[in-house]
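The block underneath contains the structure these notes are about, expressed in structure tokens.
All heavy atoms count here, side chains included; hydrogens, waters and symmetry mates do not.
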Amino acid sequence: QVQLVESGGGLVQPGGSLRLSCAASGSIFSITAMAWYRQAPGKQRELVADIPNDGSTNYADSVKGRFTISRDNAKNTLYLQMNRLLPEDTAVYYCNADIRSTLWSAYKRYWGQGTQVTVSS
């Protein structure tokens with residue numbers, strides 16, 4: 001059994017910062033790609049940023065220069081540092097990770113339950 005648990009969401013004023021965390025736990029042999037997605041009310045879930053196992057990073061154009069994705073492989077934890085937040089960043093943020101539980105099992109994508117980020121004055 002594998003679980004991803006996000007934390008760090010909340011209410012922040014425009015221009016403020018938040019740091020999201022996503023901790024993976026359970027039966028984990030290895031993790032490859034990890035990513036953050038978000039879903040605003042009435043909109044489809046969209047990719048915010050991802051980070052493959054090689055440490056390279058990719059960002060949606062709307063967050064480039066403001067958000068930074070990182071991971072701590074020793075702790076099986078993913079982070080998203082969000083700076084200069086805008087009202088349009090308001091959404092539920094989800095993390096995912098491609099995980100295999102044993103050397104012989106296939107990778108499976110797991111999702112967290114989501115954490116609410118609200119940017120408002």
Side-chain angles (χ1 to χ4, degrees):
Q1 189 78 3
V2 173
Q3 274 192 318
L4 299 183
V5 178
E6 298 106 333
S7 60
L11 173 64
V12 63
Q13 291 187 341
S17 298
L18 282 175
R19 189 191 194 209
L20 305 183
S21 299
C22 170
S25 63
S27 182
I28 298 172
F29 178 79
S30 64
I31 302 176
T32 55
M34 304 183 82
W36 287 100
Y37 282 72
R38 67 186 181 187
Q39 187 167 19
K43 294 188 176 181
Q44 287 192 328
R45 191 174 296 190
E46 63 175 0
L47 176 67
V48 175
D50 63 32
I51 181 167
N53 204 25
D54 64 4
S56 61
T57 56
N58 301 287
Y59 296 93
D61 287 343
S62 59
V63 307
K64 278 181 183 176
R66 301 188 297 121
F67 291 10
T68 302
I69 189 171
S70 61
R71 59 193 285 176
D72 184 332
N73 292 329
K75 295 181 179 180
N76 291 333
T77 300
L78 177 70
Y79 303 99
L80 185 69
Q81 177 66 44
M82 304 186 294
N83 298 327
R84 291 186 281 135
L85 282 159
L86 305 170
E88 48 263 46
D89 294 319
T90 295
V92 177
Y93 284 70
Y94 300 90
C95 64
N96 74 30
D98 294 338
I99 297 171
R100 60 175 173 174
S101 296
T102 71
L103 177 61
W104 304 275
S105 59
Y107 281 97
K108 180 180 176 181
R109 179 157 294 178
Y110 293 87
W111 289 85
Q113 81 288 350
T115 185
Q116 176 70 47
V117 172
T118 302
V119 184
S120 175
S121 54

Report the residues that fulfil salt bridge (charged side-chain N to carboxylate O under 4.0 Å, His left out) with [X], sequence neighbours left out, ordered by chain and then residue number.
X	result
D50	none
K43	none
D61	K64

- Could you list who else is in I31's hydrophobic cluster, with ILVMFWY side chains joined at under 4.5 Å, directly or through other members?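 Direct or chained contacts put I31 with V2, L4, V12, L18, L20, I28, M34, W36, V48, I51, Y59, V63, F67, I69, L78, L80, M82, L85, Y93, I99, Y110, V117, V119.
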- Query: In the hydrophobic cluster built from side-chain contacts under 4.5 Å, what are the other members alongside Y94?
  - Reply: Y37, L47, V92, W111
- Item | Qualifying salt bridge (charged side-chain N to carboxylate O under 4.0 Å, His left out) pairs with a residue from residues 3-21, counting only residues at least two apart or across chains |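 For residues 3-21, and leaving out neighbouring residues, there are no salt bridge (charged side-chain N to carboxylate O under 4.0 Å, His left out) pairs at all.
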- Is it true that atom CD of Q44 has more than 12 heavy atoms of other residues, nucleotides or ligands lying nearer than 6.0 Å?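 Count not over threshold, so no.
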- Q113, CD atom: more than 12 neighbouring heavy atoms under 6.0 Å: yes
- Donor-acceptor pair, side chain of T68 and main chain of Q81, under 3.5 angstrom: no
Of all the heavy-atom pairs spanning [X] and [Y], show the shortest one and how long it is.
X	Y	answer
S27	S101	O-OG, 2.8 Å
Q116	T90	NE2-CG2, 4.0 Å
R38	S62	NH2-OG, 3.4 Å

- Message: Quick check for you: to the nearest 0.5 Å, what is the distance between K108 atom NZ and R100 atom CZ?
- Response: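 Reported value, rounded in 0.5 Å steps: 15.5 Å.
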- Just how far is it from atom CG of D89 to atom OG of S120, taken to the nearest 0.5 Å? 12.5 Å
- CA sep, side-chain torsions, deciding dist, call: S17, N83, side-chain hydrogen bond (donor to acceptor under 3.5 Å, both in side chains): CA-CA 4 Å; S17 298; N83 298 327; 2.9 Å; yes
- Item | ILVMFWY network linking W104 to F29, side-chain heavy atoms under 4.5 angstrom | yes
